[in-house]
Structure formats: C-alpha cells, structure tokens
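To start, the structure under review is shown below, and the notes come after it.
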Amino acid sequence: MVDQELEEGLRSVAAPVRDRGGEVVAAVNIPVHASRNSVDSVRRDLLPHLPATVTRVEADLQDLRLTGPARAASRDTGRHR
C-alpha cells in the first residue's frame with residue numbers, strides 16, 4: 001500500500017503478477033482518492049480482491065503464452081481464425 005507517498009491525495013494498493021517461473025512481470029494496482037477512501041477502507045474493501053484478480057491475470061498470461069495471442073483472442077470473442 002502506498003498512502004500519499006507518490007502524490008498527495010492518492011492512495012493505492014498493488015500486488016505483483018508473476019510468470020510461470022515466479023518472475024514479476026507486471027502488477028495490478030488499485031488507485032483511490034485519499035479523501036474518499038481511508039487506509040482502513042482500502043485494506044478492508046479493496047485489498048481482499050487483489051489475490052483473486054492476480055490469479056486470473058496470471059492464468060490469462062499463461063494461456064496467452066501456451067496458445068498464442070491470436071488463438072486466445074479468437075476464443076475470447078467466440079471467433080475462430
């Protein structure tokens with residue numbers, strides 16, 4: 001969690017996205033306005049959603065690497081190439 005360290009009025013919580021080998025390749029970040037979201041509310045309401053979101057992103061990343069972007073995109077839209 002970052003609490004107004006990068007910019008006044010900005011709080012954010014983030015989690016790393018790792019590839020199959022465990023290397024960090026990206027991050028999921030949820031930024032909020034500090035005047036509307038307390039540190040406690042960020043921890044209570046937003047932080048619990050990060051692990052599941054990261055898991056889905058990591059699965060999608062792995063799927064793209066296994067099937068290739070064109071095939072994964074066609075599957076997502078229901079079209080076949």
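Both backbone and side-chain heavy atoms feed into the values below; hydrogens, waters and symmetry mates do not. Please read these numbers as outputs of a predicted model, since none were measured by experiment.
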> Going from CD on Gln62 to CZ on Arg18, what distance comes out if it is rounded to the nearest 0.5 angstrom?
Replying inline: 15.0 Å
> Which one of Leu6, Asn29, Asn37 satisfies the side-chain contact (heavy atoms from CB on, under 4.5 Å) criterion with Ser12?
Replying inline: Asn29
> Counting N and O atoms only, with roles assigned by atom type, does the side chain of Gln4 sit under 3.5 Å from a partner on the main chain of Leu10, one being a donor and the other an acceptor?
Replying inline: no
> Same hydrophobic cluster for Val54 and Val25, using side-chain heavy-atom links shorter than 4.5 Å among ILVMFWY?
Replying inline: yes
> Counting only heavy atoms not in Arg44, do more than 12 sit closer than 6.0 Å to its CZ atom?
Replying inline: yes
> Any donor and acceptor pair, going by atom type alone, linking the side chain of Arg11 with main-chain N or O of Val32 inside 3.5 Å?
Replying inline: no
> For the atom pair CZ (Arg56) and OG1 (Thr53), what is the distance rounded to the nearest 0.5 Å?
Replying inline: 4.5 Å
> Out of curiosity, does Val28 fall in the hydrophobic cluster containing Met1 (side-chain heavy atoms, cut-off under 4.5 Å, transitive links)?
Replying inline: yes
>> Can you tell me which residue among Val13, Leu47, Ile30 is in a side-chain contact (heavy atoms from CB on, under 4.5 Å) with Val42?
In response: Val13
